[in-house]
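Quick caveat: nothing in here was measured; it's all calculated off a predicted structure.
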Amino acid sequence: QVQLVESGGGLVEPGGSLRLSCAASGRDLIFYIMGWYRQAPGKRRELVATVTGGGITNYVDSVKGRFTISRNRNTVALQMNSLKPEDTAVYYCNAATSRTATNYWGQGTQVTVSS
């Protein structure tokens with residue numbers, strides 16, 4: 001059994017920063033990709049950022065230049081700077097051993113950007 005546990009969410013003012021972390025525990029797996037999704041109220045879950053084992057990163061356009069994803073072994077972090085109210089969402093850690101394999105999901109951590 002593999003568990004992903006997120007931490008670091010909270011309330012921050014617009015323009016502020018937060019750092020999310022996700023740690024995998026349980027069976028030792030080699031993850032092809034790890035990343036972060038988010039889901040805002042009334043919206044579909046969207047992919048925010050991903051990083052492969054080789055360090056290749058991708059970001060949704062709305063966070064480019066503001067968010068940075070990083071990875072070390074089976075942990076992944078998301079540094080979020082210059083936060084905007086529209087970044088408010090539940091953020092979910094995700095990992096997969098291949099493009100078509102079952103995804104593993106964290107329970108989510110709430111990020112609220114508000115004054």
Side-chain angles (χ1 to χ4, degrees):
Q1 184 75 266
V2 173
Q3 296 183 21
L4 303 180
V5 181
E6 304 101 335
S7 63
L11 175 65
V12 66
E13 295 183 347
S17 298
L18 285 173
R19 184 177 180 86
L20 306 182
S21 295
C22 173
S25 63
R27 292 167 53 201
D28 290 333
L29 295 174
I30 300 174
F31 292 116
Y32 161 72
I33 195 167
M34 301 185 74
W36 292 90
Y37 288 72
R38 66 185 180 187
Q39 187 165 24
K43 298 183 179 180
R44 291 183 176 182
R45 186 173 299 184
E46 69 169 347
L47 181 62
V48 178
T50 60
V51 58
T52 69
I56 300 172
T57 60
N58 283 286
Y59 300 90
V60 67
D61 286 345
S62 61
V63 309
K64 289 180 179 177
R66 300 189 297 119
F67 291 11
T68 303
I69 190 169
S70 60
R71 177 179 178 179
N72 183 30
R73 297 179 183 269
N74 286 340
T75 64
V76 62
L78 186 69
Q79 178 67 44
M80 305 184 295
N81 298 327
S82 301
L83 283 161
K84 304 175 180 180
E86 52 262 45
D87 295 317
T88 296
V90 177
Y91 284 71
Y92 298 90
C93 180
N94 174 265
T97 55
S98 76
R99 185 175 61 83
T100 58
T102 300
N103 282 191
Y104 296 93
W105 292 92
Q107 292 297 308
T109 185
Q110 177 70 49
V111 171
T112 302
V113 184
S114 176
S115 60

> Taking the side chain as every heavy atom from C-beta outward, state whether Pro85 and Pro14 have any pair of such atoms under 4.5 Å apart.
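Yes - at least one pair of side-chain heavy atoms lies under 4.5 Å apart.
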> Calculate, to the nearest 0.5 Å, the distance between atoms OG and CG belonging to Ser115 and Leu11 respectively.
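Ser115 OG to Leu11 CG: 9.5 Å, rounded to 0.5 Å.
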> Taking atom OH of Tyr92 and atom CH2 of Trp105, what is their separation to the nearest 0.5 Å?
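Tyr92 atom OH to Trp105 atom CH2 measures 9.0 Å (nearest 0.5 Å).
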> Compute both the distance and the angle, then confirm whether Arg99 meets the cation-pi test with Tyr32: under 6.0 Å from the six-membered ring centre, within 45 degrees of the axis.
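No - Arg99 does not lie over the ring of Tyr32 by the 6.0 Å and 45° rule.
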> Once rounded to the nearest 0.5 Å, what's the spacing between atom CD of Glu6 and atom CG of Asn94?
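Between atom CD of Glu6 and atom CG of Asn94 there are 10.0 Å.
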> Quick one: do Leu47 and Val90 end up in the same hydrophobic cluster if we chain Ile, Leu, Val, Met, Phe, Trp and Tyr together by side-chain heavy atoms under 4.5 Å apart?
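In one cluster with Leu47: Val90, yes.
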> Indicate yes or no: does Lys64 engage Asp61 in a salt bridge with an N to O separation below 4.0 Å.
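Here Lys64 pairs with Asp61 in a salt bridge, since their nearest N and O are under 4.0 Å apart.
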> Just wondering, do Lys43 and Arg38 contact through their side chains at under 4.5 Å, heavy atoms?
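No. Closest side-chain heavy atoms not under 4.5 Å.
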> Got a donor-acceptor contact below 3.5 angstrom from the Thr88 side chain to the Thr112 backbone?
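Flag not set: sc Thr88 to bb Thr112 has no pair under 3.5 Å.
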> Going by heavy atoms in the side chains, are Ser70 and Arg19 under 4.5 Å from each other?
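SC-SC contact between Ser70 and Arg19 confirmed.
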> Show the nearest heavy-atom pair for residues Asn72 and Thr75, with the distance to one decimal.
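Scanning both residues completely, I find the closest heavy atoms to be O-OG1, 2.7 Å.
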> Do other residues, nucleotides or ligands put more than 12 heavy atoms under 6.0 Å from the CD atom of Gln107?
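Atom CD in Gln107 is not crowded, with 12 or fewer foreign heavy atoms closer than 6.0 Å.
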> Who else is in the cluster with Val76 when I, L, V, M, F, W and Y are joined by side-chain contacts under 4.5 Å?
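Via sub-4.5 Å side-chain contacts, Val76 links to Val2, Leu4, Val12, Leu18, Leu20, Leu29, Phe31, Met34, Trp36, Val48, Val51, Tyr59, Val60, Val63, Phe67, Ile69, Leu78, Met80, Leu83, Tyr91, Tyr104, Val111, Val113.
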> Would you give the length of the straight line joining atom SG of Cys22 to atom CZ of Arg71, rounded to the nearest 0.5 angstrom?
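It comes to 10.5 Å.
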> What are the two closest non-hydrogen atoms of Gln79 and Asn81, and how far apart are they?
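Closest heavy-atom pair between Gln79 and Asn81: NE2-OD1, 2.9 Å.
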> Would you say that more than 12 heavy atoms from the other residues, nucleotides or ligands in this model lie under 6.0 Å from the CD of Gln3, or not?
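No, CD of Gln3 has 12 or fewer neighbouring heavy atoms, counting only those of other groups under 6.0 Å.
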> Under 3.5 Å, side chain of Arg44 to main-chain N/O of Ala40, donor-acceptor pair present?
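Side chain of Arg44 to backbone of Ala40, a donor-acceptor pair under 3.5 Å: no, none is there.
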